[in-house]
Amino acid sequence: MHILAIETSCDETAIALVEATGGLRSPRFRVKKNIISSQVSTHRPYGGVVPNLAKREHLKNLPIVFKKLVPKPYTLHPSILAVTVGPGLEPALWTGIEFAKVLHRKHFPQTKLVGVNHLEGHLSSFLLGQLGAASFPAVSLIASGGHTILLCMSSLAEWRKLGETRDDAAGEAFDKVARLLGLPYPGGPEIERLARRGDPAAIPFPRPMLHAKSYDFSFSGLKTAVLYYLRDQGVSHWGGWMREVAQRTLNPRPQTLVANVAASFQAAAIDVLVLKTIRAARACRAKSIMLSGGVAANQCLRQTLRRETKKIGAAFLSAAPRFQGDNAAMIAVAGYLAHLRGARRRLAAQGNLNL
Ligand code: KG4
Ligand code: ZN
């Protein structure tokens, strides 16, 4: 069957068409079309996402993206119309929900309208990158801009939360540290780029909650450690100075310093994410480890977790980086699984929806 999916929970206006076959034991997906219209340049001057601007951009972009994806709606007969209902920015979520309702009324009245949990989208995104069936039990790490969650999954329909962040999400920490360094939003890709030129062992930033028994995370202390380190360097107007460094206008020494901060912060964050995930996998006797969310686009995180997963004899499952940031293909996958499970969700924006 074909699934048409819409995602507008944050700053990406995304629509996808995905073909799905199989049951809950071994579903298969083929992405036929996947369009993401990013609002990054709109929000960048504000250093983060502005909810009402996001709403305005979604309203403008949804019809454009839809027309590009489906130039002749009468030729398309999707079985499911999936739309993200939360978590996320409520004004943004509503634009997608209302647009889905209009499409349903106007073009696809026979289609089943399914509300999707955005986090279930990230959770099931590994199915977009994988050929065989996943082996369970599995441990799944979702690391995005709003969430950092560790789960133990016994099947595609059942899971148990092991832990989550107590303060900032992993992606949020990347964004905040990037801002301290005067780098633009979103900070994750900027930190990763800068870190390639730095020494990850240069500065011993803390690994918060690494040895705590729980599977919870905490990233705000790490961000504060970076802030104090920068202050201790005695540089005022650090942000503006760093911007210059990022643009490579200063001499090589400060450039190395900035790159070392980025690399050492990234190493600390990745250490915590990977070690906790592997510890959870050992405890759950996991046969697979899944990685998803915007931070999962980070090559260093992917490589480290893949290597450590191999060491414990489990399979590493993660979709390609283009399916890690917010996209509608993952919403189609989660919509199909929700349909197979017979799950029903209110078609209303639920900003704080959780797993
Ligand atoms: O999943 P996502 O697109 O949106 C949410 O659901 O939150 O995640 C966005 C987050 C941002 O904080 C962004 O900085 C981070 O993912 N991110 C990265 C990378 N690419 C995006 N973090 C680290 N390294 C990256 N390469
Ligand atoms: Zn997301």
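Start at 1 and go down the list; that is how both ligands and their atoms are numbered. Residue indices begin at 1 and follow the sequence shown. On a predicted model such as this, the values are computed, not experimentally measured, just so you know.
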Would you say [X] contacts ligand 1, with heavy atoms under 4.0 Å as the rule?
X: Pro189; answer: yes
X: His118; answer: yes
X: His122; answer: yes

Relative to the heavy atoms of [X], which atoms of ligand 1 are at a distance of less than 4.0 Å?
X: Gly325; value: 3 (O)
X: Glu192; value: 25 (C), 26 (N)
X: Gly171; value: 12 (O)
X: Asp175; value: 11 (C), 12 (O), 13 (C), 14 (O)
X: Gly294; value: 1 (O), 2 (P), 8 (O), 16 (O), 17 (N), 18 (C), 19 (C), 20 (N), 21 (C)
X: Gly146; value: 7 (O)

- prompt: Can you name the N/O/S atom of Asp326 that is nearest the Zn ion (ligand 2)?
  reply: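 Of all N, O or S atoms in Asp326, the Zn ion (ligand 2) lies closest to OD1.
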Criterion ring pair (Phe, Tyr, Trp, His ring centres under 6.0 Å) against Phe265, the qualifying member of Phe219, Tyr229, Phe174: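 Considering Phe219, Tyr229, Phe174, a ring pair (Phe, Tyr, Trp, His ring centres under 6.0 Å) with Phe265 is found only for Phe174.
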message: Could you work out, for atom 2 (P) of ligand 1, the closest of Val295, Leu301, Asp326 by heavy-atom distance?
response: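 Answer by nearest heavy atom: Asp326.
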- prompt: With distance as the sole test, does Ser144 use its side chain to make a donor-acceptor pair with the main-chain N or O of Gly293 at under 3.5 Å?
  reply: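 Here the side-chain-to-backbone pair does not exist.
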field: Stepwise side-chain hydrogen bond (donor to acceptor under 3.5 Å, both in side chains) check, His58 with Gln39
entry: CA-CA 9 Å; His58 286 312; Gln39 304 175 3; 3.3 Å; yes
query: What protein heavy atom sits nearest atom 18 (C) of ligand 1, and how far away is it?
result: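 Answer, as residue, atom name and distance: Gly188 CA, 3.4 Å.
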query: Polar-atom distance check: Pro186 versus ligand 1, any N or O pair below 3.5 Å?
result: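 The answer is no, given that Pro186 and ligand 1 share no N or O pair closer than 3.5 Å.
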